[in-house]
Amino acid sequence: MSKRIGLYPRVRVEGGGSGTVSQAGAVLLVETVRKSGLDTAISAALAPWRKPRAVHDPGKILLDVALAVALGGDCLADVGLLRAEPGVFGPVASDPTVSRLIDTLAAGPKALTAIRSARAEVRSRVWELAGTNGPAADGQVTVDIDGVLVLAHSEKQDATATWKKTFGHHPLVAFVDHGQTGSGEPVAALLRPGNAGSNTASDHITTAQLTLAQLPRHLRRGRQTLIRADSAGGTHAFLDWLSKPGRWLSYSVGMTITDTIHQAVLKNPKKAWTPAYDADGTERPGAWVAEITDMPDLSSWPKGMRLIVRKERPHPGAQLRFTDLDGLRLTCFATNTKGGQLADLELRHRRRARCEDRIRNARDTGLRNLPLHDTTQNRIWLEIVSLALDLLAWMPMLALPGDTRRWEPKKLRLRLFSAAAQLANTGHRHWLRFTARWPWTDVITHAIDSLHTLPNPD
């Protein structure tokens with residue numbers, strides 16, 4: 001009797017196999033592209049950039065790169081992952097063709113505008129298909145704006161020293177919040193040099209304009225659209241822009257604790273403070289909120305602005321600041337929402353922290369570094385990253401139920417996209433047969449069935 005040595009069976013490896021598709025679970029993303037109409041929209045938008053007698057469609061090339069990024073790629077050459085599986089992804093352009101297209105699209109701003117317009121068009125359709133799962137199903141939508149540092153390890157254009165004493169770029173990004181039952185999707189990405197200011201009002205306004213252009217038309221103005229930002233957005237110019245007559249957007253924006261605010265907090269009577277809420281809506285021990293809108297210095301700020309302050313016991317080990325009060329950490333935000341419990345408004349603002357999760361997922365989806373040299377090229381790369389993140393948000397919204405809707409990109413890649421399958425051709429049909437041993441085969445097949453039931457785009 002032979003004795004096995006080691007904890008794992010010995011498997012011999014050789015090349016030359018056929019009939020098996022790696023990353024077969026990515027068919028979920030391909031079907032999302034088809035059902036959303038993203039392929040035809042991008043193809044039509046980039047038709048002016050297709051050269052005579054070109055073999056590959058520019059829209060297909062761009063979507064192939066976005067699919068590769070959604071599967072974990074972080075450079076243009078990773079499109080080779082799709083090129084190896086033509087049975088699922090179709091013909092994929094060569095690396096030189098991909099590079100030439102990026103250079104062509106980066107030659108002027110028109111291509112960037114065309115891509116964004118196509119994304120906005122498809123986004124409206126996806127939200128309609130999602131029904132009650134859509135982020136604006138209740139007639140309201142919440143957008144979070146925040147900055148992110150992208151490090152550079154070479155002398156790329158506009159890569160400079162950052163405020164954190166690193167080296168790279170400092171783009172502003174915006175995400176639509178899907179709430180507690182979902183994730184979020186990108187609606188704006190403004191590339192900026194590394195030394196760009198965190199509280200530059202003009203950049204926040206530009207990012208908000210890009211954001212509104214991505215939303216369905218009925219959400220581009222009015223109180224039903226809420227813009228959230230941290231204290232970097234707490235400037236006169238940005239809040240004036242949000243409050244402009246005819247626009248009247250809702251906002252919930254962090255404010256820096258100034259000496260004036262600190263003095264107003266000191267004068268606030270004890271009975272003015274009410275308990276703050278935890279994430280589940282229950283009272284949070286050691287945390288209180290109060291409104292200090294009666295400050296005289298607010299007369300120059302937009303009409304209807306309310307100032308709400310929160311004080312709480314800091315967690316063990318946290319360093320206090322000179323603006324903190326009697327050992328309690330102070331934070332402040334401004335909003336123009338009328339009425340409502342102070343604790344509810346403060347909890348709504350604090351949920352802006354979900355944007356940090358969206359940024360972390362973006363770093364795992366092509367935003368950890370900007371792989372190209374020129375700024376115009378990296379602007380196209382940011383749109384590719386946004387396309388990838390769109391697909392990673394739309395597919396769960398349209399096809400996954402319950403808790404699986406909240407799976408982040410890393411988990412989607414491990415459990416769904418990395419699944420292998422056998423490709424069988426019968427007549428004019430192609431079948432992917434996933435093994436029953438894969439723990440999440442049922443999730444994949446049910447998601448595919450859900451996508452197949454959706455109506456095809458016009």
Side-chain angles (χ1 to χ4, degrees), residues 140 142-146 177 179-180 198-199 223-236 238-240 242-243 248-357:
Q140 298 182 335
T142 300
V143 178
D144 295 315
I145 298 177
D146 206 347
D177 184 23
Q180 293 178 310
S198 297
N199 59 347
R223 297 290 191 185
Q224 69 271 30
T225 299
L226 173 68
I227 305 292
R228 293 190 299 203
D230 58 12
S231 59
T235 60
H236 275 275
F238 185 48
L239 293 181
D240 286 341
L242 292 172
S243 305
W248 294 119
L249 298 168
S250 294
Y251 60 80
S252 183
V253 177
M255 300 289 283
T256 302
I257 300 291
T258 62
D259 183 63
T260 303
I261 294 177
H262 191 217
Q263 294 301 319
V265 172
L266 290 174
K267 296 176 183 177
N268 224 29
K270 186 176 181 180
K271 64 181 181 181
W273 296 91
T274 60
Y277 287 165
D278 261 328
D280 57 0
T282 59
E283 288 190 7
R284 181 182 179 90
W288 303 267
V289 293
E291 185 171 357
I292 55 172
T293 306
D294 295 335
M295 290 171 50
D297 286 4
L298 292 183
S299 57
S300 62
W301 290 83
K303 184 179 179 180
M305 189 182 88
R306 304 171 66 188
L307 210 57
I308 299 174
V309 179
R310 170 191 174 98
K311 66 178 182 179
E312 67 175 335
R313 299 188 186 99
H315 62 271
Q319 262 192 328
L320 293 174
R321 297 165 296 195
F322 76 96
T323 53
D324 292 335
L325 176 68
D326 296 332
L328 298 176
R329 172 61 51 84
L330 292 179
T331 55
C332 181
F333 71 97
T335 182
N336 61 347
T337 301
K338 299 179 180 178
Q341 297 283 342
L342 294 182
D344 289 328
L345 296 177
E346 194 274 333
L347 178 60
R348 183 188 69 174
H349 178 75
R350 195 152 29 97
R351 283 176 173 155
R352 192 201 64 82
R354 285 199 284 252
C355 186
E356 301 296 334
D357 295 330

Work out which heavy atom in [X] is nearest to a heavy atom in [Y]; give both atom names and the distance.
| X | Y | value |
| --- | --- | --- |
| Ala276 | Ala343 | CA-CB, 4.3 Å |
| Gly233 | Phe238 | O-CD2, 3.2 Å |
| Asn336 | Ser250 | OD1-CA, 3.4 Å |
| Ile145 | Arg352 | O-NH1, 4.2 Å |
| Leu307 | Ala334 | CD1-CB, 4.0 Å |
| Ile261 | Cys332 | CD1-SG, 4.3 Å |

By side chain to side chain contact (heavy atoms under 4.5 Å, CB included) - contacts of [X] (at least two apart):
| X | result |
| --- | --- |
| Ala353 | none |
| Ala232 | Ser198, Asn199, His204, Asp230 |
| Leu347 | Tyr277, Arg350, Arg351 |

Report task. Check whether more than 12 heavy atoms from other residues, nucleotides or ligands sit under 6.0 Å from atom CD of Gln341, and answer yes or no. Result ->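 Counting other residues, nucleotides and ligands, CD of Gln341 stays at 12 neighbours or fewer.
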What distance separates [X] [atom1] from [Y] [atom2], expressed to the nearest 0.5 Å?
| X | Y | atom1 | atom2 | value |
| --- | --- | --- | --- | --- |
| Ile292 | Gln263 | CD1 | CD | 11.0 Å |
| Leu226 | Gln140 | CG | CD | 8.5 Å |
| Ser243 | Trp301 | OG | CH2 | 10.5 Å |
| Glu291 | Trp273 | CD | CH2 | 11.5 Å |
| Phe333 | Leu345 | CZ | CG | 5.5 Å |

Excluding sequence neighbours, so at least two apart, what forms side chain to side chain donor-acceptor pair (under 3.5 Å) with [X]?
| X | value |
| --- | --- |
| Thr337 | Thr335, Arg348 |
| Asp357 | Arg360 |
| Asp177 | Arg228, Arg354 |
| Ser252 | His349 |

Distance-only donor-acceptor pairs under 3.5 Å for side chains of residues 281-290, two or more places apart:
from: Thr282; atom 1: OG1; to: Asp280; atom 2: OD1; distance (Å): 2.8
from: Arg284; atom 1: NE; to: Glu312; atom 2: OE1; distance (Å): 3.4
from: Arg284; atom 1: NH1; to: Asp278; atom 2: OD1; distance (Å): 2.7

Query raised in the report: Which residue pairs satisfy the salt bridge (Lys or Arg N to Asp or Glu O under 4.0 Å) criterion with at least one member in residues 263-276, sequence neighbours excluded?
Result: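 Found none.
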**Report entry** Derivation and outcome, side chain to side chain contact (heavy atoms under 4.5 Å, CB included), residues Leu342 and Arg306
**Finding:** CA-CA 10 Å; Leu342 294 182; Arg306 304 171 66 188; 3.6 Å; yes
Query raised in the report: Are Lys311 and Val265 close enough, and set up right, to give a side chain to side chain contact (heavy atoms under 4.5 Å, CB included), and what steps lead you there?
Result: CA-CA 10 Å; Lys311 66 178 182 179; Val265 172; 5.7 Å; no
